[in-house]
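Computed from heavy atoms alone, side chains included, the values below leave out hydrogens, waters and symmetry copies. Convention: sequence-line order gives letters A, B, ...; per-chain numbering from 1.
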Amino acid sequence: MKEFPPKYEPIEIEEKWRKFWEDNEIYKSSVNSEKEKYSVVIPPPNVTGMLHIGHILNNTIQDIYCRWKRMSGFEVCWVPGMDHAGIATQIKVEQELKKNEGKSKYDLGREEFVKLIWDWKDKYGGIILKQLRKLGVSVDWSRERFTLDKGLSKAVKEVFVDLYKKGYIYKGKRIINWDNITQTALSDDEISYTEKRDKLYYVKYPIVGTDEALIIATTRPETMLGDTAVAVNPADKRYEKYKNAKVILPLVNKEIPVLFDSYVDVTFGTGALKITPAHDINDFEVGQRHGLEALNILTKDGKINENGLEFQGMSVNEARKKILVKLKEEGYLVKEEDYIHNVAISERSGAVIEPFLSDQWFVSMKELSKPAIQVVKDGKVRFHPDKWTKTYYHWLDNVRDWCISRQLWWGHQIPIWYHKETGDIYCETTPPVDIENWNQDPDVLDTWFSSWLWPFSVFGWENSEKDKDNKDLNYYYPTDFLSTAPEIIFLWVARMIISGLEYRNDIPFKDVYFHSTVRDGKGRKMSKSLGNSPDPLVLMDRFGTDALRFTIVYLAPLGSDVLFDEKNTEIGRNFITKLWNAGRFLMMTRDKINSESGLGNSEPEYNFVEKWIDSRYNETIKDIEFYLNSYRLNDYTKSLYSFVWSDFCDWYIELTKVSIYQNKSAAKKTIERALGIYENVLRLLHPVIPFVTEEIWHLLDESREGKSVSFIDYPKLDASKIDEDSEKLFDLFKDLVTTSRNERAKYTAINEYEFDICIKPLNTTASYSVDNLKKSLHLLINNKGGIVIEKSTGDFKGTNGEFFAVKFNFKNEIPKMKNDEGKDKLVKELDSLKSYIAGLEKKLNNENFLAKAAQNVIDNENQKLKEAREKYEKISKML
RNA sequence: GGGCGGUUAGCUCAGUUGGUUAGAGCGCCACGUUGACAUCGUGGAGGCCAUUGGUUCGAGUCCAUUACCGCCCA
């Protein structure tokens with residue numbers, strides 16, 4: 001017999017099982033025609049990523065479903081992998097290169113630099129997958145994929161070329177964030193905003209053919225060189241008269257129109273704006289709406305270009321000064337005032353971001369996304385919580401074209417070649433044969449352009465023709481479940497649905513779980529810069545991985561954020577300790593019984609306690625099935641928490657002690673029954689706390705060596721065991737015990753005295769059952785004396801519960817009452833009972849209520865009133 | 001500016017189609033260690049369910065309004 005250690009040591013035990021699971025590849029999956037499949041693809045974390053608390057939540061959720069389905073007989077396949085994360089990775093390696101060798105990527109050249117990133121990836125990348133191993137995720141590691149590996153790159157090219165040929169991909173203009181120090185385009189993520197003290201300049205734009213002028217407020221007067229209109233709000237009465245008017249652009253001396261656009265903020269400056277489509281994102285959109293020319297006035301290194309009159313060649317700041325001087329000289333500058341505003345700064349170089357118009361590749365989304373709306377409307381793809389469907393529809397109904405080109409080197413280079421002489425475009429999955437005559441487009445594709453294919457590319461998708469023979473794809477696709485963060489519903493989820501429908505003619509997944517955003521104790525988002533994100537690995541070492549998994553799921557209700565403080569991890573740890581100790585008690589007791597002679601093996605009576613725990617156990621299974629099926633994972637953990645702690649440990653185990661210590665003839669069977677339930681509870685908990693349940697499951701029976709609880713059947717509901725009568729009876733019993741404890745709490749030092757417990761049933765049911773309950777009572781209230789049942793109807797001054805009144809008769813001197821609250825409490829209770837009765841009476845005297853409410857409701861209320869009145873009577877007598 | 005949520009005990013949250021005197025965990029207070037567990041047990045205090053109005057016999061629950069908070073998109 002294995003020893004059951006007094007303390008659960010998570011670190012070494014987790015390591016043992018982690019190794020066992022991986023070495024034996026027990027979670028490896030292959031096509032199994034005998035079984036129904038359950039497939040999940042992991043949201044691929046960034047190759048540069050480190051595990052944070054949000055990953056713990058998301059991956060635990062997926063693990064719960066995979067383990068649950070596996071135990072329920074499905075062939076489960078959970079595919080792990082990583083995302084090449086274009087920008088993040090390239091920046092990381094650029095920084096290291098700078099730090100270690102003082103070189104920039106240009107010193108190495110594209111090919112060398114990309115090679116360097118691959119080296120970095122092989123050496124340092126994917127730490128996060130090692131960390132995920134620690135979490136105990138039951139993925140099939142043999143299927144690990146990378147968004148930039150050969151197969152996936154092939155899929156990306158295939159899709160790009162196909163969309164290009166179908167006419168969905170086109171080249172267009174777009175404002176990008178330009179960093180003119182590093183000379184690269186930046187994503188919004190690489191920009192921070194800082195408050196800057198600036199001047200707001202008021203410039204006069206004369207109206208053509210009049211003496212009047214529009215006054216325009218701007219912080220960037222130099223961009224006026226690129227103005228192609230001015231705009232006012234159509235609701236702004238001040239400017240109504242300028243419909244169809246034109247103004248003269250100062251310095252440039254060209255006529256530009258006055259536009260009416262609701263984008264203009266009436267309260268800003270004078271309510272009139274200059275529109276510079278090439279150098280401001282909002283102006284660009286106004287320009288698009290009104291068909292304006294976008295006139296670029298800058299070079300890539302941030303100097304004024306040939307469109308800039310005599311200011312050509314100057315830096316932006318220099319040009320601003322010169323232009324201001326000239327505006328002043330010519331009388332256009334009306335005034336200037338101090339102005340504080342947010343300025344976008346490059347996080348990498350500190351440069352002020354220059355919005356810059358450039359050529360980019362786009363995917364036209366309107367047509368492509370139509371079927372994706374329908375499958376959600378039809379309920380083929382279900383969102384949990386459902387509220388996200390609204391967001392989804394709103395976005396897709398107003399979908400914008402997807403800019404897919406990125407000015408980076410790390411990623412899938414766009415499979416477009418331009419002919420050096422003719423400028424012809426070649427777009428194929430393989431380079432042109434006469435490659436020397438062509439230049440490939442230098443840009444790479446947005447990282448999402450590979451991850452949107454993830455649900456089928458990981459199974460080896462090539463193209464619709466070749467897929468017919470792809471057994472994996474045909475078996476595992478569509479996948480069953482996706483768990484992800486709501487922030488990427490558009491970036492990722494919607495696009496996967498679109499690509500799945502386009503390339504597999506089927507949805508990519510059936511159920512999507514949008515998990516909570518994990519915030520710190522103050523409700524702030526976890527972030528590196530705030531330093532408020534606890535390191536999950538530290539927490540795993542301190543509290544145990546299971547404890548962390550349990551806690552985070554326990555705290556994360558479907559559909560709302562979770563505020564996580566590391567102290568919370570105690571919830572999981574304490575629960576696991578409780579579970580461990582219960583097992584330890586049962587096993588120790590069993591060993592003891594087995595070694596002692598004279599302990600009977602007789603069948604204990606299947607009494608109300610047994611019936612009750614069977615009923616509660618089955619109700620718990622019923623709840624769990626419901627909660628797992630409706631994606632309410634915190635309720636799943638909560639119902640097990642309360643079953644284990646309150647029902648099983650606090651009451652059931654305590655009551656088994658009656659047999660074990662008092663009625664020894666049945667001790668053996670009693671403990672076996674308890675162990676039977678306990679073992680099933682381990683299975684119920686295995687999906688959320690796999691390590692400790694595996695360990696205990698093995699401790700219970702050493703012949704299990706080499707097996708895993710992961711493949712033992714998940715307990716099923718036996719509805720015939722749910723028994724309301726025994727639950728009601730047990731409630732009576734609980735009431736008796738708590739009432740007695742209540743009475744007991746009034747005395748100090750009660751253990752020094754011997755007393756009888758006098759019980760008076762307050763109604764017939766209680767009266768009937770009290771003999772049954774008597775046996776168990778000694779133990780639960782630590783009573784040395786006897787138990788006396790009062791049958792008389794006379795006065796009884798004691799503590800009253802719902803079904804019983806209780807008092808103690810002391811055999812020698814009466815101990816001091818701790819306080820005199822007993823009486824006060826009764827008075828207080830009478831008061832509240834009084835108003836309760838008054839409320840019920842009022843309701844039952846209301847003709848409308850009697851006329852309109854359902855009969856069973858009325859009966860119910862009458863019954864309540866009757867009982868309340870009886871109770872009131874009884875308490876009155878006690879005073 | 002557009003869209004979507006939230007507001008219930010000191011804190012974090014449950015509360016399933018409207019129908020017991022609104023629950024849990026943590027925290028707090030008191031008591032408690034002779035056969036699992038002080039990472040524990042027992043008992044207790046603590047709430048005009050954000051505001052205002054409406055629907056209804058009946059509203060934490062449905063509708064509207066206001067206030068505050070949050071998220072996404074622009």
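- Comparing atom distances between the A:I653 side chain and each of B:G35, B:U20, B:A36 picks out B:A36 as nearest.
- Separating the OH atom of A:Y393 from the P atom of B:G5 is a distance of 13 Å, rounded to the nearest angstrom.
- Of the P atoms belonging to B:G60 and B:A9, the separation is 15 Å, rounded to the nearest Å.
- Distance noted for atom P between B:U21 and B:G58: 16 Å (whole Å).
- Ring pair A:W388/A:F383: centre-to-centre distance not below 6.0 Å.
- Remark: the backbone N or O of A:T545 is not paired with any side-chain donor or acceptor of A:R549 at under 3.5 angstrom.
- In this structure, the nucleotide among B:G5, B:G15, B:U20 sitting nearest to the side chain of A:R632 is B:G15.
- Remark: B:A36 base-pairs with no nucleotide in the shown strands. Criterion, Watson-Crick or G-U wobble with two distances under 3.5 Å.
- Across all strands shown, A:F490 has heavy atoms under 4.0 Å from sugar-phosphate atoms exclusively, and none from any base.
- Across the protein-nucleic acid pair, A:E847 atom CD and B:C57 atom C1' stand 11 Å apart, rounded to whole Å.
- Without hydrogens or angle criteria, A:S646 side chain to A:F643 main chain gives no donor-acceptor distance under 3.5 Å.
- Distance check on atom P: B:C68 versus B:A59 gives 28 Å, rounded to whole Å.
- In this structure, A:Y641 has its ring center closer than 6.0 angstrom to the ring center of A:W645.
- In the set B:A74, B:A14, B:G41, B:G41 carries the atom at the smallest distance from any side-chain atom of A:D650.
- Backbone-only engagement by A:E285 is indicated by non-hydrogen atom pairs under 4.0 Å involving sugar-phosphate atoms exclusively.
- Classification of B:G25 as anti follows from a glycosidic angle more than 90° from 0.
- B:G53 and B:U16 have their C1' atoms separated by 28 Å, given to the nearest Å.
- Taking the C1' atoms as reference points, B:C29 lies 14 Å from B:G10, given to the whole Å.
- Side-chain atoms of A:I571 lie closest to B:G25 of the nucleotides B:G25, B:A36, B:G43.
- Residue A:E724 qualifies as open at atom CD: its count of foreign heavy atoms under 6.0 Å is 12 or below.
- Of all nucleotides listed (B:U39, B:G25, B:G43), B:U39 comes nearest to the side chain of A:R573.
- Pairing for B:G41 goes to B:C31, judged as Watson-Crick or G-U wobble with the two contacts each under 3.5 Å.
- Under the Watson-Crick and G-U wobble criteria, each requiring two contacts below 3.5 Å, nucleotide B:C26 is paired to B:G10.
- Comparing atom distances between the A:K578 side chain and each of B:U56, B:C40, B:G19 picks out B:C40 as nearest.
- The same atom, P, is picked in B:A24 and in B:G43; the two are 12 Å apart, to the nearest Å.
- With hydrogens and angles ignored, a donor-acceptor pair closer than 3.5 Å exists between the side chain of A:K7 and the base of B:U39.
- Using N1 to N3 plus N6-O4 or O6-N4 for Watson-Crick, or N1-O2 and O6-N3 for G-U wobble, each under 3.5 Å, B:C71 pairs with B:G3.
- Using atom C1' as the reference point in both B:A67 and B:U42, the two lie 44 Å apart (nearest Å).
- When distances are taken from the side chain of A:T738 to each of B:U21, B:C37, B:G43, the shortest belongs to B:G43.
- Considering only the side chain of A:A853, B:G19 comes nearest among B:G19, B:U20, B:U42.
- Donor-acceptor pairing under 3.5 Å, judged by distance alone, is absent between the side chain of A:K387 and the base of B:C4.
- Look at CG on A:D859: it is 15 Å from C1' on B:U20, rounded to the nearest Å.
- Side-chain contact annotation: A:E841 with A:N845, donor-acceptor N/O pair under 3.5 Å absent.
- Taking the six-membered ring for Trp and thresholds of 30 and 60 degrees, A:F730 and A:W651 have ring planes more than 60 degrees apart, a perpendicular arrangement.
- Taking atom CH2 of residue A:W395 and atom P of nucleotide B:C73, one finds them 10 Å apart after rounding to whole Å.
- For A:K567, the listed nucleotide lying nearest its side chain is B:G27; candidates were B:A36, B:G27, B:G41.
- Mapping A:T391 and A:K852 onto RNA chain B via the closest heavy atom, the residue that lands nearer the 5' end is A:T391.
- Separating the C1' atom of B:C11 from that of B:A74 is a span of 36 Å, rounded to the nearest Å.
- A sub-4.0 Å separation between OP1 or OP2 of B:G41 and a side-chain N or O of A:W645 is present.
- Checking B:G15, B:U39, B:C72 against every side-chain atom of A:N574, the shortest atom distance belongs to B:U39.
- By the 6.0 Å contact criterion, NZ on A:K622 is open, its count of non-hydrogen atoms from other residues, nucleotides or ligands being 12 or less.
- Checking A:H394 against A:A868, the closest nucleotide of RNA chain B that is more toward the 5' end is the one next to A:H394.
- In this structure, B:U17 makes no Watson-Crick or G-U wobble pair, since no nucleotide meets both defining distances under 3.5 angstrom.
- In this entry the distance linking NZ of A:K638 with P of B:U12 reads 14 Å, nearest Å.
- The phosphate of B:G35 has neither OP1 nor OP2 within less than 4.0 Å of any side-chain N or O from A:R584.
- At whole-Å resolution of the value, CG in A:L548 and P in B:U39 are 20 Å apart.
- Distance, A:F849 CZ to B:U20 P: 11 Å, rounded to whole Å.
- In this structure, the CG atom of A:L586 is 8 Å from the C1' atom of B:A36, given to the nearest Å.
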